[in-house]
Number of protein chains: 2
Amino acid sequence: MDINTIYNEDCLETMKRMEDNSIDLVVTSPPYADRRKTTYGGIHPDNYVEWFLTISDELKRVLKPSGSFILNIKENVVDGERHTYVLELIIEMRKQGWLWTEEYMWHKKNSFPGYWPNRLRDGWERLLHFTKEKKFNMYQDQVKVPIGDWSKNRLKNISEKDKKRVESETNSGFGKNISNWVGKDMVLPNNVLYMASESSNKSHSAAFPEKLPEFFIKLFTKETDLIYDPFMGSGTTAKVSFELNRNFIGSELSKDYYKISKERLGKSKNVKKFFEWK
Amino acid sequence: MDINTIYNEDCLETMKRMEDNSIDLVVTSPPYADRRKTTYGGIHPDNYVEWFLTISDELKRVLKPSGSFILNIKENVVDGERHTYVLELIIEMRKQGWLWTEEYMWHKKNSFPGYWPNRLRDGWERLLHFTKEKKFNMYQDQVKVPIGDWSKNRLKNISEKDKKRVESETNSGFGKNISNWVGKDMVLPNNVLYMASESSNKSHSAAFPEKLPEFFIKLFTKETDLIYDPFMGSGTTAKVSFELNRNFIGSELSKDYYKISKERLGKSKNVKKFFEWK
DNA sequence: GTTCCGCATGAATCGATAG
DNA sequence: ACTATCGATTCATGCGGAA
């Protein structure tokens, strides 16, 4: 199996040639149900779970026990209701043996416009975190963020009470020592990613902002680890992987999207091979 | 059935005395699984769905066809994984006849601190929107928010330029094409509520901020509409309902929480009756 | 070089109209 | 009756061109 290669084929074909337990991280944004009709034929919501389970089964085989699988997805509205296919998918993937370890949230700064009688504009998407084992690789130090402005005022004139251990009023047993923050300027983020979807002035339509795979690549891999994206699209995860000195494999069924990825990644010296499907 | 009354009893008892189709809005934050052990016996996650379905069935009976049910909930971590009881609950409530119309998101500004090897701090909760019918009451104008700063410079300049253009081209006969945004200062929000959880300096632990029920009360009811909270807790939804001149009924099983609500609402002239359970 | 302005467009959804 | 297509609605972002 050649790494640092992108394949213009169905991801199931690519994975057939992969060894068991060889991938450190899967970050992907598959075609949503009934979307991208022109490229993927528009999988109907009612058939989505069945379709995706064949893929997640193979992903589970090739993922290392210490690895993670991040799935960006959002259910659309069908007949006035949110469809339940994502909920069902989580439940079925657990039956396959996956652990639903966490659900991260992408809070979109610029949500799609619109006005409807029964709902507001949709401003968020799911980022489901699945793992094979309870213990897996996670490098939290790599995703620390600058401390908020609140600390500047808070720490400037630190009170006597703050220097002592401040017990929370609810008797939750959790206490905090504010003075520990002095000198620190980076803190751990939480499980909400607040960022805009990428602008579309470029030739490709990359709704997936680069910061998003970047966050998970930093959080769940170290350099030279191997990342796989079974639905590469315009190659956002690929690009970020190479930039962060990770190894990468990608699959993309659509010829058009594949070409966009190829062009986008062509400048990168890290990409070894392009494999075009005949 | 007395309105503007709070009841110190199980919500099923309160609802027994309610007529069919009498409530305009239910906003509630029920005890999460394995929480509040002393009060509700600590419902185990595996039994949560079964327990809640008896309540949601009665809620469906008493809610008007034009009404809405907002359920604030978040699955906790069990054995390293997010438990699936909320997902199952949504699926089962649909079988009961509820429509899962939308999922709003509470993005918490101040998420609870902590450090774990397999997850980051939890910064969000679900706000599930269920309805009985596809068409229901929704008053979007009541929840408009100030337009973003981006517009200030833009619109100011557009309008100035537009004025100049109109003056100089008065005789041209060319109709002016003023941007839709000029004069607009309030826009519709999206389905993510970004707000801090309430400080716990008070005697009760009110993680539920007042802005949260306020948003949904404004969005789904008008004045004198009837709101019901089956798990009143410290009475946040109750307080906001009265302040917004809505009618209210509340149930709270715990004597301690009931007392807190009673004290908190005692000052309100709108509360008609307190009903203490013997 | 900067800053400013104009514009295109994005994983959307609903209701009406047409076949 | 059921499906397919189309227009209306709406806001934040970044890019390119202009001042």
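Every chain is numbered from 1 and lettered A, B, ... according to where its sequence line falls, protein lines coming before strand lines. Atom set for the values below is all heavy atoms of this structure, side chains included, hydrogens, waters and symmetry mates excluded.
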If you compare every side-chain N and O of A:Arg82 against the phosphate oxygens of C:dT13 (OP1, OP2), does one of them come in below 4.0 Å?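 Yes.
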With sequence neighbours left out, write down each residue that passes side chain to side chain donor-acceptor pair (under 3.5 Å) with A:Lys60, or none if nothing qualifies.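 In terms of side chain to side chain donor-acceptor pair (under 3.5 Å), with neighbours along the sequence ignored, A:Lys60 is linked to no residue.
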Could you tell me which residues satisfy side chain to side chain donor-acceptor pair (under 3.5 Å) with B:Asp20, sequence neighbours excluded, listed by chain and number?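 B:Asp20: side chain to side chain donor-acceptor pair (under 3.5 Å) contacts with B:Arg61.
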Separation between the C1' atoms of C:dG15 and D:dC11, rounded to whole Å: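 Those two atoms are separated by 22 Å.
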Taking only the P atom of each, what is the distance from D:dT9 to C:dA11 in whole angstrom?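 Between the two P atoms, the distance is 22 Å.
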Between C:dA12 and A:Ser111, counting only base atoms on the nucleotide and side-chain atoms on the residue, is there a donor-acceptor pair under 3.5 Å?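 Under the 3.5 Å cut-off, the side chain and the base do not form any donor-acceptor pair.
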Less than 4.0 Å between a side-chain N and a carboxylate O, is that true for A:Arg82 and A:Glu75?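 A salt bridge is absent here (no side-chain N lies under 4.0 Å from a carboxylate O).
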In terms of side-chain geometry, is the basic nitrogen of A:Glu276 or A:Lys255 positioned less than 4.0 Å from the acidic oxygen of its partner?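 Salt bridge: yes.
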Could I get the full list of salt bridge (Lys or Arg N to Asp or Glu O under 4.0 Å) partners for B:Lys109, not counting sequence neighbours?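 B:Lys109 satisfies salt bridge (Lys or Arg N to Asp or Glu O under 4.0 Å) with no residue once adjacent residues are dropped.
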Return the value, rounded to whole Å, for the distance between atom [atom1] of [X] and atom [atom2] of [N].
X        : N      : atom1 : atom2 : result
B:Asn190 : D:dA12 : CG    : P     : 9 Å
A:His83  : C:dT13 : NE2   : P     : 13 Å
B:Gln140 : D:dA8  : CD    : C1'   : 15 Å
A:Tyr32  : C:dA12 : OH    : P     : 10 Å
A:Trp106 : D:dA12 : CH2   : P     : 16 Å
A:Asp122 : D:dC11 : CG    : P     : 15 Å
A:His107 : D:dT13 : NE2   : P     : 10 Å
A:Asn110 : D:dA12 : CG    : P     : 9 Å

Ignoring hydrogens and geometry beyond distance, is a side-chain donor-acceptor pair present between B:Ser111 and A:Asn190 at under 3.5 Å?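 Note: B:Ser111 and A:Asn190 side chains meet the donor-acceptor criterion.
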Given A:Asn270, A:Thr221, A:Asp24, the one that forms side-chain hydrogen bond (donor to acceptor under 3.5 Å, both in side chains) with A:Arg246: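 By the side-chain hydrogen bond (donor to acceptor under 3.5 Å, both in side chains) criterion, A:Arg246 pairs with just one of A:Asn270, A:Thr221, A:Asp24: A:Thr221.
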Using a 3.5 Å limit for the pairing distances, which stems of at least 3 consecutive Watson-Crick or G-U wobble pairs does DNA chain D take part in?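 Stems found: C:2-10 with D:11-19, C:12-19 with D:2-9.
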Contacts of A:Phe136 that satisfy ring pair (Phe, Tyr, Trp, His ring centres under 6.0 Å) - sequence neighbours left out: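 A:Phe136 satisfies ring pair (Phe, Tyr, Trp, His ring centres under 6.0 Å) with A:His129 only.
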Listed pairs, N/O of protein and of nucleotides 14-19 of chain C, under 3.5 Å:
{"residue": "C:dC14", "atom": "OP1", "partner": "A:Asn118", "partner atom": "ND2", "Å": "3.0"}
{"residue": "C:dC14", "atom": "OP1", "partner": "A:Arg119", "partner atom": "NE", "Å": "3.3"}

Would you indicate what B:Leu188 reaches in the nucleic acid, counting non-hydrogen atoms under 4.0 angstrom: base, sugar-phosphate, or nothing?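 The residue B:Leu188 makes sugar-phosphate contact but no base contact.
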Regarding A:Lys74, tell me which of base, sugar-phosphate or nothing describes its non-hydrogen contacts under 4.0 Å with the strands shown.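 The residue A:Lys74 makes no contact with any strand.
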What about the rings of A:Phe242 and A:Phe248, do their centers lie closer together than 6.0 Å?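 Between A:Phe242 and A:Phe248, the centre distance is under 6.0 Å.
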Between A:Phe216 and A:Tyr104, does the ring centre distance come in under 6.0 Å?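 Between A:Tyr104 and A:Phe216, which both carry aromatic rings, the centre distance is below 6.0 Å.
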Anti/syn call for C:dA11, syn if |chi| within 90°: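 Syn for C:dA11; the angle stays within 90° of 0.
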